[in-house]
Protein chains: 2
Amino acid sequence: MAETDDAVVDAQDDLAAAVLRPLRAHHAFESCVEMLATSIRLGIYPDGSTLPPERELAERMGVSRSTLREAIGALRDAGLLTTRRGRGGGSVVEFHPVEPGASTTLERPREELLDALEFRRIVEPGAAHAAATRTLSASQIELLQASLERVSSAAGKAVHRQADAQFHLAIASLSESPLLIDAVTNVQVRLHEMLGAIPVLDRNIDHSRQQHAAIVEAILAGDATKARRVMESHCDDTAALLRGLM
Amino acid sequence: MAETDDAVVDAQDDLAAAVLRPLRAHHAFESCVEMLATSIRLGIYPDGSTLPPERELAERMGVSRSTLREAIGALRDAGLLTTRRGRGGGSVVEFHPVEPGASTTLERPREELLDALEFRRIVEPGAAHAAATRTLSASQIELLQASLERVSSAAGKAVHRQADAQFHLAIASLSESPLLIDAVTNVQVRLHEMLGAIPVLDRNIDHSRQQHAAIVEAILAGDATKARRVMESHCDDTAALLRGLM
DNA sequence: GCCTTAAGGTCTGGTATCGAACCTTATCGG
DNA sequence: CCGATAAGGTTCGATACCAGACCTTAAGGC
């Protein structure tokens with residue numbers, strides 16, 4: 001009995017470890033760079049577009065303008081942006097997607113990536129379910145269809161990856177739940193990194209297209225169960241692909 | 001058409017807002033106090049128990065020892081713990097659960113709480129599903145049953161609330177997914193605050209007990225679908241109760 | 001009864017970040 | 001053509017936080 005008691009105590013320590021999670025990832029500056037670079041890589045600010053003004057960005061990211069400016073400077077040095085002064089100026093995205101790819105190595109530990117896949121299998125189907133449950137506004141329906149259209153007609157793998165991430169983010173945004181949107185964003189960022197590091201076949205993309213269409217259909221039809229089921233399959237397929245190739 | 005285009009653009013701005021989320025909640029010190037206070041309130045460090053040594057705590061929370069010590073000092077001032085020096089010393093929890101309750105007002109905005117309920121409805125059933133899917137070690141089974149036992153036999157509402165939170169955390173911990181555990185922890189913290197602010201009836205608790213037992217049974221039987229379904233009902237019931245009383 | 005050890009307590013220098021004011025540049029409207 | 005305005009650029013003091021070394025207290029073991 002002592003053994004099992006000890007085991008329970010050990011597991012309870014794990015509980016403590018869970019609640020006492022580390023707060024504050026790294027330096028604000030680094031997180032800032034990462035966040036902006038991610039936004040650009042995900043195509044949220046496409047090539048040629050202008051970032052919001054510094055003061056606004058700083059406020060949205062909860063960071064002082066000085067810190068934000070350092071981050072922007074780093075991105076400028078990295079060749080991701082150019083900056084123009086004066087009215088109508090700003091930081092303009094200069095993004096050249098690396099189509100050949102596959103030369104980048106993963107920086108996060110492998111377990112963290114596997115964890116993201118597991119978590120994704122819960123939150124994204126959940127998001128699809130939630131989206132199908134609520135009644136959507138006209139603009140939300142419009143966004144959903146536009147996202148589907150974009151990911152369907154995307155030419156080139158890098159562009160497709162961007163459109164795919166935005167498609168999934170769009171579904172999450174339909175829920176209007178900040179926590180859920182945040183979770184999906186996190187997961188998509190990690191996923192985007194992983195997908196950039198492996199070769200993706202055309203037939204995988206075709207398969208995704210069909211699943212995407214089915215998900216949108218189910219959401220618009222209000223069939224929450226089906227939306228979740230299809231999204232689960234979709235996540236499982238991507239996860240299987242990634243686990244196999246990493 | 002211009003209208004719908006504008007709508008899509010607006011929705012895309014929302015995407016940007018989602019990715020550019022604020023990093024670094026507040027000051028490290030405040031978050032530290034909150035995290036420790038939460039751990040104590042959730043009963044992870046019960047009355048009379050000793051917190052881990054400062055150096056260890058600081059490392060686990062990713063914070064310098066100075067900052068952690070300030071946080072501990074604040075909790076000491078608040079009467080939540082006492083500190084003894086020397087070997088075998090440490091910070092001892094002095095927690096007096098406020099059984100009468102209901103005098104505390106909610107600090108977080110209402111929408112944030114509703115969001116937590118919605119998010120919970122996704123992650124906790126997901127956790128139950130995941131737990132039922134994997135094969136559990138002996139100590140994990142032991143923890144699960146011990147948690148169920150504790151929440152079943154809890155006398156008094158405050159004690160029950162603690163045991164309930166730990167029960168749900170235990171299920172999440174079975175998944176061994178840090179992201180999932182983190183999500184559930186977050187949700188449980190908010191839930192705990194809410195439940196502390198409303199009167200809970202005995203019949204609600206009885207109903208919970210039955211659901212808890214059914215969830216554990218389904219997890220141990222490996223019936224993932226059932227585990228998820230029951231957990232969904234459980235979350236829905238709690239959510240309905242809370243939405244009605246807030 | 002000493003010595004080791006495991007804790008908390010204290011001090012110090014360094015740095016990241018904040019914030020807020022102010023300057024400079026460029027565009028737009030009259 | 002000239003002011004208003006919307007951007008980026010600069011500077012500076014205040015402060016939160018960190019990393020580490022060191023001191024003090026109390027228990028346990030030989």
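The distance between atom CE of A:Met61 and atom C1' of C:dT17, rounded to the nearest whole Å, is 14 Å. Separating the CG atom of B:Leu51 from the C1' atom of C:dA6 is a distance of 16 Å, rounded to the nearest angstrom. In this structure, CD of B:Glu54 is placed 12 Å from C1' of C:dA6, rounded to the nearest angstrom. In this structure, the CZ atom of A:Arg65 is 11 Å from the C1' atom of C:dA20, given to the nearest Å. If you measure from atom CG of B:Leu68 to atom P of D:dA19, you get 13 Å, rounded to the nearest angstrom.
In the set D:dA7, C:dC18, D:dA21, the nucleotide with an atom closest to the side chain of A:Ser64 is C:dC18. Of the candidate nucleotides C:dT25, D:dA7, D:dA19, D:dA19 has the atom lying nearest to any side-chain atom of B:Ser66. Here the nucleotide nearest the side chain of A:Arg76, chosen from C:dG8, C:dT17, D:dG9, is D:dG9. In this structure, the nucleotide among D:dA7, D:dA21, D:dG9 sitting nearest to the side chain of A:Pro53 is D:dA7. The B:Arg87 side chain lies nearest to D:dA26 when the options are D:dG8, D:dC17, D:dA26. When distances run from any side-chain atom of A:Phe29 to the nucleotides C:dT10, C:dT17, D:dC17, the shortest one goes to C:dT17. Distances from the side chain of B:Arg85 to the nucleotides C:dT17, C:dT25, D:dT24 place D:dT24 closest.
Within the 4.0 angstrom heavy-atom criterion, no nucleotide atom of any strand lies near A:Gly88.
Counting non-hydrogen atoms of other residues, nucleotides and ligands closer than 6.0 Å to CD of A:Glu59 gives a total of 12 or fewer.
Using a 4.5 Å cut-off on side-chain heavy atoms (C-beta onward), A:Cys32 and A:Leu68 make contact.
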Name every donor-acceptor pair, under 3.5 Å, that has one atom in a side chain of residues 35-44 of chain B and the other anywhere in the protein, sequence neighbours excluded.
{"from": "B:Thr38", "atom 1": "OG1", "to": "B:Glu34", "atom 2": "O", "distance (Å)": "2.8"}
{"from": "B:Ser39", "atom 1": "OG", "to": "B:Met35", "atom 2": "O", "distance (Å)": "2.9"}

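For D:dG20, the base has no donor-acceptor partner in the side chain of B:Arg55 [N/O atoms by modelled type, under 3.5 angstrom].
Close to C:dG9, at under 4.0 Å from its OP1 or OP2, lies a side-chain N or O of B:Arg69. Residue A:Thr67 places none of its side-chain N or O atoms closer than 4.0 Å to OP1 or OP2 of C:dA16. The side chain of B:Arg84 places no N or O atom within less than 4.0 Å of a non-bridging phosphate oxygen (OP1 or OP2) of D:dT25.
Sorted by first then second residue, the ring pair (Phe, Tyr, Trp, His ring centres under 6.0 Å) pairs that include residues 136-188 of chain A, not counting sequence neighbours, are A:Phe167-A:His212, A:His168-A:His212, A:His168-A:His234.
Using modelled atom types and a 3.5 Å distance limit, the side chains of A:Arg76 and A:Thr83 yield a donor-acceptor pair.
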